[in-house]
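Notes follow once the structure below has been shown.
Since the model is a prediction, treat every value here as computed from it, not as a measurement.
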Amino acid sequence: MLCQLTLEQIKSLDLQSLVSRMDLVRIVARLEKYGPIVLQHECLAPPRVAQIMETKRARSMSGESQRKLADLAFRFLFQMDLLEVSSGISNAVVHCPGSGEHSWSSPSHWMRAAVLDQYQIIASRIALECFFDLIYFSDREVRMTGKSKFKAFKNWVLKDGNPYKYFVGHIVEGFKFDRQIRQNEVHGTSRFARSILALSAPDSDERNISLRLTNTLLSVWRPLIEILDEKPPTSMSYSNDAGAEFADEYFNSMSDQERFSTYVAELLDKYFANPSPQREEM
């Protein structure tokens with residue numbers, strides 16, 4: 001079904017062939033994982049690059065911009081696929097049948113859990129970077145620049161009439177995750193170094209920390225397609241009170257866009273101005 005290609009051959013593909021291969025590679029991966037049932041149930045079908053290329057916004061772009069958009073869409077979707085694979089491995093080797101509270105008294109069990117959770121923390125931040133690039137390019141047709149994607153996002157999203165304000169609640173959750181979880185993990189104060197010394201079972205909140213950003217990003221694809229097709233999103237997923245508040249503000253803003261813009265600006269100032277928290281040492 002899929003033949004091997006060199007990088008030069010991939011670069012020489014026309015846009016339609018390139019998009020088809022991008023989607024086919026990921027569909028075949030699903031087939032290998034789930035079997036033919038994936039073709040019968042829409043919930044198992046992966047989001048496709050072709051969906052974004054069929055939108056009004058994508059069709060209005062030049063051929064060169066369309067190719068760059070396809071590349072950015074594929075990179076985001078592929079990164080989300082990697083996170084799904086990581087979760088599957090975790091279910092197989094950490095939360096497998098026979099495991100339980102007693103398993104956490106094993107140092108090797110903790111190490112298996114830690115390596116997969118640490119990957120999920122870092123890889124989900126990569127996915128957020130991919131999403132930043134995708135939505136910014138969708139609007140401006142250039143890549144986002146600057147040392148801080150969060151700062152660049154704020155400067156861009158606050159412009160009048162920007163439909164990507166829809167994603168501000170998601171980005172705020174990403175920012176909180178980055179400052180509270182990812183930065184501490186990357187800069188040498190890993191939460192897992194203390195956890196393994198305790199050798200006690202983590203509570204449900206601790207077990208789900210590594211999935212927080214992944215879960216936030218799982219809900220962005222459909223509304224992005226709607227925005228690119230010049231349709232207002234009809235729903236918004238959220239997991240906490242702050243998300244519910246943002247959703248209420250967004251869907252009640254149709255009669256007062258100026259008020260909503262002020263709310264968004266104040267929300268971004270509130271979070272983006274906060275310094276990184278420090279982790280307590282052992």
Side-chain angles (χ1 to χ4, degrees), residues 1-93 115-116 118-145 149 174 213-214 217-229:
M1 187 180 293
L2 280 168
C3 60
Q4 294 183 344
L5 297 178
T6 66
L7 291 179
E8 289 303 316
Q9 288 173 319
I10 292 173
K11 291 178 181 179
S12 68
L13 291 174
D14 61 75
L15 179 61
Q16 183 176 352
S17 298
L18 177 64
V19 170
S20 295
R21 186 171 179 88
M22 288 172 169
D23 288 337
L24 185 58
V25 164
R26 297 178 53 253
I27 290 171
V28 169
R30 286 289 176 108
L31 283 168
E32 292 173 343
K33 180 178 181 180
Y34 297 110
I37 193 173
V38 75
L39 302 176
Q40 303 168 20
H41 296 274
E42 186 178 351
C43 63
L44 295 178
R48 296 174 293 110
V49 177
Q51 292 172 310
I52 212 168
M53 303 310 295
E54 293 163 359
T55 62
K56 292 180 180 179
R57 177 64 184 127
R59 293 200 301 269
S60 72
M61 293 181 177
S62 67
E64 181 181 359
S65 289
Q66 287 180 335
R67 197 174 185 93
K68 290 179 180 178
L69 179 66
D71 178 68
L72 293 171
F74 176 71
R75 289 175 184 275
F76 171 66
L77 294 176
F78 171 67
Q79 190 64 30
M80 293 302 294
D81 288 342
L82 294 185
L83 291 166
E84 181 180 335
V85 171
S86 174
S87 294
I89 295 172
S90 181
N91 288 336
V93 303
V115 73
L116 290 166
Q118 192 173 75
Y119 170 81
Q120 197 87 14
I121 288 169
I122 296 169
S124 61
R125 182 61 176 84
I126 295 172
L128 182 62
E129 288 282 318
C130 294
F131 186 65
F132 272 135
D133 285 337
L134 174 58
I135 60 175
Y136 189 82
F137 188 89
S138 297
D139 181 50
R140 303 293 294 272
E141 295 189 48
V142 294
R143 296 289 292 271
M144 185 181 283
T145 59
K149 289 287 178 70
L213 183 52
T214 300
L217 293 172
L218 284 173
S219 64
V220 300
W221 185 255
R222 179 177 293 181
L224 174 60
I225 297 299
E226 291 173 334
I227 290 171
L228 293 178
D229 217 19

Might you work through the salt bridge (charged side-chain N to carboxylate O under 4.0 Å, His left out) test for Arg125 and Glu129, ending with a clear yes or no? CA-CA 6 Å; Arg125 182 61 176 84; Glu129 288 282 318; 2.7 Å; yes
So does Gln120 get a backbone contact from the side chain of Ser124, meaning a donor-acceptor N/O pair under 3.5 Å? yes
Side-chain donor or acceptor of Asp23 paired with backbone N/O of Ala50 under 3.5 Å: yes
Looking only at atom types and distance, does a side-chain atom of Arg75 sit under 3.5 Å from a main-chain N or O of Leu134, one as donor and one as acceptor? no
Within-4.5 Å side-chain heavy-atom neighbours: Ile52 and Trp221: yes
Rounded at 0.5 Å granularity, tell me how far CD1 in Ile10 sits from CE in Met22. 9.0 Å
Are the charged groups of Lys149 and Asp133 less than 4.0 angstrom apart, N to O? yes
Any sub-3.5 Å donor-acceptor pair from Ser20's side-chain atoms to Gln16's backbone N or O? yes
Audit row: Asp81, Val85, side chain to side chain contact (heavy atoms under 4.5 Å, CB included) steps and yes/no: CA-CA 6 Å; Asp81 288 342; Val85 171; 5.5 Å; no
N/O donor-acceptor pair under 3.5 Å between Gln66 side chain and Ala58 backbone: yes
Between CG of Leu69 and CD of Glu141, what distance do you get to the nearest 0.5 Å? 8.5 Å
Kindly check if the number of other-residue, nucleotide or ligand heavy atoms within 6.0 Å of CZ (Phe78) is above 12? no
Look at the rings of Phe76 and Phe131 and say which category their plane angle falls in: under 30° parallel, 30 to 60° tilted, over 60° perpendicular. tilted
Backbone N or O of Gln9 within a donor-acceptor pair of the Ser12 side chain at under 3.5 Å? yes
With a cut-off of 6.0 Å (strictly less than), are more than 12 heavy atoms of other residues, nucleotides or ligands near CZ of Arg59? yes
For the pair Thr55 (side chain) and Gln51 (backbone), establish whether a donor and an acceptor sit closer than 3.5 Å, ignoring hydrogens and angles. no
